Amino acid sequence: MSLEVNIGKRGNILEVGPENASQVILSSPVLNEGELESLLKDRHLQSHVLLTFFDIRKGVEGSLEKSLNKLCEAADEAVKNGSQLLVLSDRSDELEPTRPAIPILLAVGAVHQHLIQNGLRMSASIVADTAQCFSTHQFACLIGFGASAVCPYLALETCRQWRLSTKTVNLMRNGKMPTVTIEQAQKNFCKAVKSGLLKILSKMGISLLSSYCGAQIFEIYGLGKDVVDLAFSGSYSKIGGLTFDELARETLSFWVKAFSEDTAKRLENFGFIQFRPGGEYHGNNPEMSKLLHKAVRQKSESAFSIYQQHLANRPVNVLRDLLEFKSDRTPVPVGKVEPASSIVQRFCTGGMSLGAISRETHEAIAIAMNRLRGKSNSGEGGEDPVRWSPLTDVIDGYSPTLPHLKGLQNGDTATSAIKQVASGRFGVTPTFLVNADQLEIKIAQGAKPGEGGQLPGKKVSAYIARLRNSKPGVPLISPPPHHDIYSIEDLAQLIFDLHQVNPKAKVSVKLVAEAGIGTVASGVAKGNADVIQISGHDGGTGASPISSIKHAGGPWELGLTETHQTLIENGLRERVILRVDGGFKSGVDVMMAAAMGADEYGFGSVAMIATGCVMARICHTNNCPVGVASQREELRARFPGVPGDLVNFFLYVAEEVRGMLAQLGYEKLDDIIGRSDLLAPRDISLVKTQHLDLSYILSSVGLPNRSSTAIRNQDVHTNGPVLDDTLLADPEISNAIENEKSVNKTIKIYNVDRAVCGRIAGVVAKKYGETGFAGQLNITFHGSAGQSFGCFLTPGMNIRLVGEANDYVGKGIAGGELVVTPVDSTGFSPEDAAIVGNTCLYGATGGQIFVRGKAGERFAVRNSLAEAVVEGTGDHCCEYMTGGCVVVLGKVGRNVAAGMTGGLAYILDEDNTLIPKVNREIVKIQRVTAPVGQMQLKNLIQAHVEKTRSTKGSAILLEWDTYLPLFWQLVPPSEEDTPEACADYEATAAGQIKRKMAMDS
């Protein structure tokens, strides 16, 4: 995808004519000084430079707003006089202390809005020439609020100075750094910015920069109404904030430092990412970590009191810090308040995957939560089956010397009560699903909304690769959520699928706090979810790149309030449990969340701190010094935590909640849930502004008709009567499952029958595990199958459909065989018609599928071990594959093998059109020359013909020597880069069986 910016002539640009023929097309929105100079010299554009400074010689008050209005008037006049390019510039040969630069985003937004209101915006383009832009977020904001391009002249100058610095030169001379020219250094910076912008666009589901330009897809926190109305009209800003005069003083506080005699020789490091003494405040800081470690390790109430006092005295850094409780009741004795053992059952830990954090940390957290009868979360990395049995019963897979297993108690288990189903489907097998108390669908997370999970290759050890059905050392990237959830209907289908395979597990859906979350949550509740999880922006991540953990998501206080109120207004609040997480550290946080409507409370980073994390902030490097977020064995050996530490922490938090309830005069947490009327603004002086408006959080639309405990204890929302129930009630099928016999059945199916065989697969997996079933369930269906036909099949299930099927055929299959063939009397050529829908074989971890006909888009996304033969596909075939083998005996759509890091694909290319359709950023494309590859391909086609009576497959086999040279083999980087790559043992059927056996053992 290229980034294009069109700067066109004045007039109706949609009309074809000479007046619109003159255009400047930029290949990138990031300009260097030479490119900007070329634009300024273009006589057709009649460019006009507008300086963006404001004068404070007559006082700061009113100066910024006055200067912005003058800037807008000057822009208006320039466009009316024929200028088609406005360059807003804070570049000057003589900078003055009394003329600070206007914040460039404010200038761009104000001019953009002014021209729109005067009907002139389509007559000119805006370019920002600024020293105030160097990060991808800043570029995205400028473009999103109206700039067509940006020249970051100070960032480019910094690149030049870095290249010329003595330190850089010496590193290059000593061979410790690649030799880079000044020009290359600047190009590298621009390339990095463009890549970051593309990622931001992709997270929003936007393909073209032109669609992002001026779209204002942002939510504003901390700007007042006057500022928003002038420069950012139409953007969400629920809490108000800074005025123009306050912004002017904020700007001036930075500006004057450049003219001070005491100016340091080095730039200040404010600790934007990592804590720095004297920098900005971090909620998770070294002092807090030390206090918490002392309290939980020594089991000291006095030490925990000091920890509480530290949090109480912290500067305001989250919205809830601006609130306090006020009650008209008299206090009650603490002894009358519900016990801590009841309160801790509402506590959960965050979805931190095994891989992002170490095995020791992951298991210590799970053991602690199980002792408390709370809930730990597996994250999206799957779970070792050894953890599903009591640890004292486990012989293999554990060493009694492992530090996190010290002090084991009878009945301790390391299983995670909540098992996550993310877009990556890593480790999501039928057995994984049926061993869960809750199943969480992650469609968003606070740290990285709009994108999938990421695990650097350094963290993919042999153990992690085995659990995720991938290869050691290969980076693992979950697809963005839209790959399996296009709409609320698709989400409802996944909820249905999970209720099908495990009818006893509640299904939760994880959403990110942002404007509009209430509408989404209402759809989730109607989609039959049992729990809605709201994640705030200050949640952490153990594997994400830095660019993904800032400027993402919103405060959970606003997201929770909107969700709670919207569900009540729509009569849906009683249907779902509301859970919230994001920066929770204390009982105060729990009480605040309860008053805003939450039933359960998630602790993420602080749970890791309690088990030993020192907040080194290098999780993504695999170098965690205490082994909390590392897969390196020598670092994991340093892990200091034990489950008892986390148990102590949560019991202290529960006791803090009890004390606060007693002080308010309430005996149960139930009694304050949704009681926002108990909250009031704190009498506190803020440094930046006194104009924050918390009325949205403090407002109330009523309470649920049932208590929180009643909502939490209600039965799982079921799918109602389904075809699988009828099949399981059949004595022959039930006997075959119970006694591992063989059975043959023929059944009529209709398109209202969804996720057929999913429940049967769950029953088999629960009883026999992944590969333990020795029976054979041979079931043939006739008709049109609904969505998710044959989902989560296990070995021993041989399912055949004569007819057609909707989307998601073979979703998550782990074994067995799935065959789809058309009815004989259709009258059309099967190889020319679609017989199954989109997103088939999503997240498959084993088994075989043969389709006589074409499939829709996204065939075999995230396939890791399954083998498949299909006679044509739509776009995005084999996306994000990590293993297995796919054979396509016909045409495919575009973007084949995007993100494919493992497995193999064989695609027939009869008309020589395949190569342009392959996403070759990762995979290599080659002919099938190795004998073992030819044998694998031929065997799969032979099996396909045998199972489906495919005429296309038969023709290929009859003329094998003719067709073989027409096949291309797609080889990802995790395979050997040789013609013998197809010999990868794990890609063969024998290798898959051996691998499955190894996992089970």
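When a residue number appears, it is its place in the shown sequence, counting from 1. It should be emphasised that the depicted structure is a prediction, and the values quoted were computed from it without experimental measurement. Side chains included, hydrogens not; waters and symmetry mates left out as well; all remaining heavy atoms used.
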Legend entry - Asp245 vs Arg249, salt bridge (Lys or Arg N to Asp or Glu O under 4.0 Å): CA-CA, chis, key distance, verdict: CA-CA 6 Å; Asp245 289 343; Arg249 285 191 286 271; 5.3 Å; no
Legend entry - Side chains of Leu511 and Ile443 in contact at under 4.5 Å (non-hydrogen atoms): yes
Inset, instruction - Look only at the side chain of Glu65 and the backbone of Phe244, and say whether a donor-acceptor pair between them is shorter than 3.5 Å. - result: no
Legend entry - Whether over 12 other heavy atoms sit under 6.0 Å from Glu77 CD: no
Legend entry - Exercise: identify the closest heavy-atom pair between Gln46 and Ser83: O-OG, 2.8 Å
Legend entry - Main-chain N/O of Cys619 paired to Lys459 side chain as donor or acceptor, under 3.5 Å: yes
Legend entry - Nearest-0.5 Å distance, SG of residue Cys159 to CZ of residue Arg163: 12.0 Å
Inset, instruction - Evaluate salt bridge (Lys or Arg N to Asp or Glu O under 4.0 Å) for Arg160 paired with Glu33, printing each intermediate quantity in order. - result: CA-CA 13 Å; Arg160 291 191 283 267; Glu33 291 95 330; 2.9 Å; yes
Legend entry - From CD (Glu96) to CH2 (Trp255), nearest 0.5 Å: 9.0 Å
Inset, instruction - Evaluate the side-chain proximity of Leu230 to Asn69: yes if any heavy-atom separation is below 4.5 Å, no if none is. - result: yes
Legend entry - Gap separating the CD1 atom of Ile217 from the CD1 atom of Ile206, nearest 0.5 angstrom: 3.5 Å
Inset, instruction - Locate the shortest heavy-atom distance separating Ser423 from Ser478; write the atom from each residue and the value. - result: OG-CB, 3.6 Å
Inset, instruction - Give a yes-or-no answer on whether the side chains of Asp90 and Thr52 include a donor-acceptor pair shorter than 3.5 Å. - result: no
Inset, instruction - If a pair satisfies side chain to side chain donor-acceptor pair (under 3.5 Å) and one of its residues is in residues 228-239, list it, with sequence neighbours excluded. - result: Gln216-Ser235, Lys225-Asp229, Lys238-Glu562
Legend entry - Evaluation steps, side-chain contact (heavy atoms from CB on, under 4.5 Å), between Glu268 and Lys257: CA-CA 11 Å; Glu268 294 180 72; Lys257 290 182 180 181; 3.0 Å; yes
Legend entry - Nearest atoms (heavy-atom pairs only) where Phe54 meets Ala248: CE1-CB, 4.0 Å
Inset, instruction - Indicate the ring-plane relationship of Phe218 and Tyr212, choosing parallel, tilted or perpendicular according to the 30° and 60° boundaries. - result: perpendicular
Inset, instruction - Measure the acute angle between the ring planes of His137 and His551, then classify it against the limits of 30° and 60° as parallel, tilted or perpendicular. - result: parallel
Inset, instruction - Walk me through it: do Leu115 and Leu86 pass the test side-chain contact (heavy atoms from CB on, under 4.5 Å)? - result: CA-CA 11 Å; Leu115 294 178; Leu86 301 178; 3.8 Å; yes
Inset, instruction - Could you tell me whether the side chain of Pro152 reaches within less than 4.5 Å of the side chain of Val30, counting heavy atoms only? - result: yes
Legend entry - Side chains of Leu95 and Phe53 in contact at under 4.5 Å (non-hydrogen atoms): yes
Inset, instruction - Identify the two heavy atoms, one from Leu64 and one from Pro103, that lie closest to each other, and give their separation to 0.1 Å. - result: CD1-CD, 4.4 Å
Inset, instruction - Applying side-chain contact (heavy atoms from CB on, under 4.5 Å), run through Glu280 and Phe272 and close with a yes or a no. - result: CA-CA 7 Å; Glu280 67 176 43; Phe272 183 64; 4.3 Å; yes
Legend entry - Leu39 vs Leu31 side-chain heavy atoms within contact, under 4.5 Å: yes
Inset, instruction - Inspect the surroundings of NZ in Lys917 and state if more than 12 heavy atoms from other residues, nucleotides or ligands are less than 6.0 Å away. - result: yes
Inset, instruction - Could you walk me through whether Arg858 and Glu879 pass salt bridge (Lys or Arg N to Asp or Glu O under 4.0 Å), step by step? - result: CA-CA 7 Å; Arg858 303 194 189 280; Glu879 264 192 314; 2.7 Å; yes
Legend entry - Chi angles and distances behind the side-chain contact (heavy atoms from CB on, under 4.5 Å) call for Val87, Val49: CA-CA 5 Å; Val87 178; Val49 178; 4.2 Å; yes
Legend entry - side chain to side chain contact (heavy atoms under 4.5 Å, CB included) partner of Cys133, chosen from Leu105, Val193, Leu142, Leu154: Leu142
Legend entry - Side-chain touch Leu970/Cys878, heavy atoms, less than 4.5 angstrom: no
Inset, instruction - Answer yes or no: is there a donor N or O on one side and an acceptor on the other, between the side chain of Gln161 and the main chain of Glu157, under 3.5 Å? - result: no
Legend entry - Nearest-0.5 Å distance that lies between atom CG in Leu40 and atom SG in Cys151: 9.5 Å
Inset, instruction - Identify the heavy atoms of Thr251 and Ala101 that sit nearest to each other, and give their distance. - result: CG2-O, 3.3 Å
Legend entry - pair Glu250-Leu242: side-chain heavy atoms closer than 4.5 Å: no
Legend entry - Spatial distance of atom CD (Gln84) from atom CG (Leu45) [nearest 0.5 Å]: 6.0 Å
Legend entry - Heavy-atom check, side chain of Val127 versus side chain of Glu35, under 4.5 Å: no
Inset, instruction - Consider only side-chain N and O atoms of Gln184 and Asn188, and report whether a donor and an acceptor are under 3.5 Å apart. - result: yes
Legend entry - Considering all heavy atoms, the nearest Cys190-Leu156 contact: SG-CD2, 4.1 Å
Legend entry - Donor-acceptor pair, side chain of Gln132 and main chain of Ile104, under 3.5 angstrom: yes
Legend entry - Arg99 CZ to Ser67 OG distance, which is reported to the nearest 0.5 Å: 9.0 Å
